[in-house]
Number of protein chains: 2
Amino acid sequence: MGAMARAATTSDAFNAIAEPQRRDILALLRAGERPVTELARELGMSQPGASKHLRVLREVGLVRVRGVGKQRLYGLDARGLRPVHEWVGGFERFWSGSFDRLDAYVQDLKQERQGE
Amino acid sequence: MGAMARAATTSDAFNAIAEPQRRDILALLRAGERPVTELARELGMSQPGASKHLRVLREVGLVRVRGVGKQRLYGLDARGLRPVHEWVGGFERFWSGSFDRLDAYVQDLKQERQGE
DNA sequence: TTGACGCATACCAATATGGGAATATGATGG
DNA sequence: CCATCATATTCCCATATTGGTATGCGTCAA
């Protein structure tokens, strides 16, 4: 019951994709299933390293595994990214087009003043 | 140099938004600027807690500050979320519509086999 | 059964948290 | 200059990584 640390990487997709190498793995898997060793080689990481990242991705459901002989083929299951996309999308109007930085700034100010 | 730990939360937007409370702060700031204490109160966190999260958000450029008298008004600067949205958007075809889980799975297999 | 191969785990080191409490810092109003 | 309000920082703690390296384990081929 003492202090807390950062949330586990396995807690949700947001945490899982915070790690660059895991994002690389997901991106690579868009091209199709891959066995661990191949992933490791293509991404320049150690085999244990790849396995560990894959474990995290598996625990949040972003990849699934399929045993084929000695190999374990990892495949993408991007459904878990949808909530992330939607959450971030909720900010789209704040970065797109006519709403440049200064505009947004001023807008916010106006809104703020009106509220009081 | 020795082992590494998790990337800093201040390293990029992906890491910054991995923390739920920081996401809450960003979401709240869409309604307009807020002073620290108000943010803390509305989100049920301590003042130091809010300040610390705001510091992280500031360091990755997702919020900006403006001093107004004794207060410091924090405002949203969502531009940094755009790359995140785009990266995640790159997976859209894998979760949307006709591409349900099993379909995607089979598709991947086919693509894989063709590639060899 | 025995190797060999592919992968997952265990263990260790070094580090980055996130929360609470206490305290320092800053700006404002008298 | 001082008391005060609003924030930022500092400490301390327990925890959760990420990256090696070594090793366990399951499957397949002889």
Side-chain angles (χ1 to χ4, degrees), chain A residues 1-26 28-29 33-60 62-75 112, chain B residues 1-26 28-29 33-60 63-75:
Chain A
M1 338 213 128
M4 230 171 259
R6 187 183 224 181
T9 57
T10 54
S11 61
D12 58 37
F14 282 97
N15 279 285
I17 66 172
E19 161 67 43
Q21 301 211 256
R22 283 196 289 267
R23 289 201 296 277
D24 291 342
I25 290 178
L26 292 175
L28 186 53
L29 290 181
E33 292 183 318
R34 291 270 189 299
V36 179
T37 305
E38 194 175 317
L39 273 170
R41 184 166 42 72
E42 298 193 51
L43 297 177
M45 52 179 104
S46 69
Q47 174 268 306
S51 277
K52 280 185 253 186
H53 283 309
L54 286 166
R55 180 168 163 69
V56 171
L57 292 172
R58 221 189 326 142
E59 292 191 49
V60 299
L62 288 174
V63 302
R64 46 195 154 46
V65 210
R66 188 165 70 94
V68 174
K70 288 193 270 196
Q71 298 188 315
R72 306 250 294 160
L73 295 184
Y74 280 85
E112 191 66 354
Chain B
M1 328 181 179
M4 230 170 256
R6 183 182 231 179
T9 57
T10 53
S11 61
D12 59 34
F14 282 96
N15 278 286
I17 66 172
E19 161 68 41
Q21 306 222 74
R22 282 195 290 265
R23 289 201 296 278
D24 291 342
I25 289 177
L26 292 176
L28 186 53
L29 289 182
E33 291 183 318
R34 291 270 190 296
V36 179
T37 304
E38 194 176 317
L39 274 170
R41 183 164 43 72
E42 298 193 51
L43 297 176
M45 50 181 105
S46 70
Q47 174 268 307
S51 277
K52 281 185 250 184
H53 283 309
L54 286 167
R55 179 169 165 69
V56 172
L57 293 172
R58 222 188 327 143
E59 291 190 48
V60 299
V63 301
R64 47 194 152 48
V65 210
R66 189 166 67 95
V68 174
K70 288 194 270 195
Q71 297 189 316
R72 307 250 294 161
L73 295 184
Y74 279 86

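Just so it is clear: chains get the letters A, B, ... in the order the sequence lines come, proteins before strands, and each one is counted from 1.
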Below 3.5 Å between N/O atoms, which protein atoms pair up with nucleotides 3-5 of chain D? Just atom names and distances, please.
residue	atom	partner	partner atom	Å
D:dC5	O4'	B:Lys70	NZ	3.2

Give each protein N/O atom lying under 3.5 Å from an N/O atom of nucleotides 20-25 of chain C, with the pair distance.
residue	atom	partner	partner atom	Å
C:dG20	O6	B:Lys52	NZ	2.6

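Rounded to whole angstrom, the span from the CZ atom of A:Arg22 across to the P atom of D:dT17 amounts to 8 Å. The separation between B:His53 atom NE2 and D:dA8 atom C1' is 14 Å, rounded to whole Å. Across the protein-nucleic acid pair, B:Asp12 atom CG and C:dT17 atom P stand 11 Å apart, rounded to whole Å. The CG-C1' distance, from A:Leu54 to C:dT9, rounds to 14 Å in whole Å. Distance A:Glu19 CD to C:dT15 P: 17 Å, rounded to the nearest Å. Whole-Å rounding puts the A:Leu43 CG to D:dG19 P distance at 12 Å. Atom CE of B:Met45 is separated from atom P of D:dA8 by 13 Å (rounded to the nearest Å). When rounded to the nearest whole Å, the span between CZ of B:Arg34 and C1' of D:dA6 equals 17 Å.
Within the structure, every side-chain polar atom (N or O) of B:Ser51 is placed at least 4.0 Å from both OP1 and OP2 of D:dT7. Here A:Tyr74 reaches the OP1 or OP2 of C:dA8: one of its side-chain N or O atoms lies under 4.0 Å away.
For the atom pair CG of A:Leu29 and CG of A:Leu73, the computed distance is 10.5 Å after rounding to the nearest 0.5 Å. How far CD of A:Glu33 is from CZ of A:Arg64: 6.5 Å, rounded to the nearest 0.5 Å. Rounding to the nearest 0.5 Å gives a distance of 11.5 Å between CD of B:Gln71 and CZ of B:Arg34.
Taking A:Gln21 as the reference, nothing meets the side chain to side chain donor-acceptor pair (under 3.5 Å) condition, with sequence neighbours excluded. Under the side chain to side chain donor-acceptor pair (under 3.5 Å) criterion, B:Ser11 pairs with B:Asn15, sequence neighbours left out. Evaluation of the ring-ring contact (aromatic ring centres under 6.0 Å, His included) rule for B:Tyr74 yields no partner, not counting sequence neighbours.
Listed nucleotides C:dA8, D:dT7, C:dT17 differ in distance to B:Ala8; the shortest reach to its side chain belongs to C:dT17. Ranking D:dT17, D:dT7, C:dT17 by closeness to the B:Thr10 side chain, first place goes to C:dT17.
Where A:Ala50 and A:Ala7 meet DNA chain C, the nucleotide closest to each residue was compared, and A:Ala50 sits on the side nearer the 5' end. If you find the closest nucleotide of DNA chain D to B:Arg72 and to A:Asn15, the one lying nearer the 5' end belongs to B:Arg72.
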Only distances under 3.5 Å count here; give the side-chain donor-acceptor pairs of residues 49-60 of chain B to other protein atoms, sequence neighbours excluded, each with its distance to 0.1 Å.
residue	atom	partner	partner atom	Å
B:Ser51	OG	B:Gln47	NE2	3.2
B:His53	ND1	B:Arg22	NH1	3.2

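At least one side-chain heavy atom of B:Leu28 sits less than 4.5 Å from a side-chain heavy atom of B:Glu42.
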Mind running side chain to side chain contact (heavy atoms under 4.5 Å, CB included) on B:Ile25 and B:Met45 for me, showing each step along the way?
CA-CA 11 Å; B:Ile25 289 177; B:Met45 50 181 105; 3.9 Å; yes

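Counting any heavy atom pair closer than 4.0 Å across all strands shown, B:Gly69 reaches sugar-phosphate atoms only and no base atom.
Across all their heavy atoms, A:Ala13 and A:Leu62 have their closest contact at CB-CD1, 4.3 Å.
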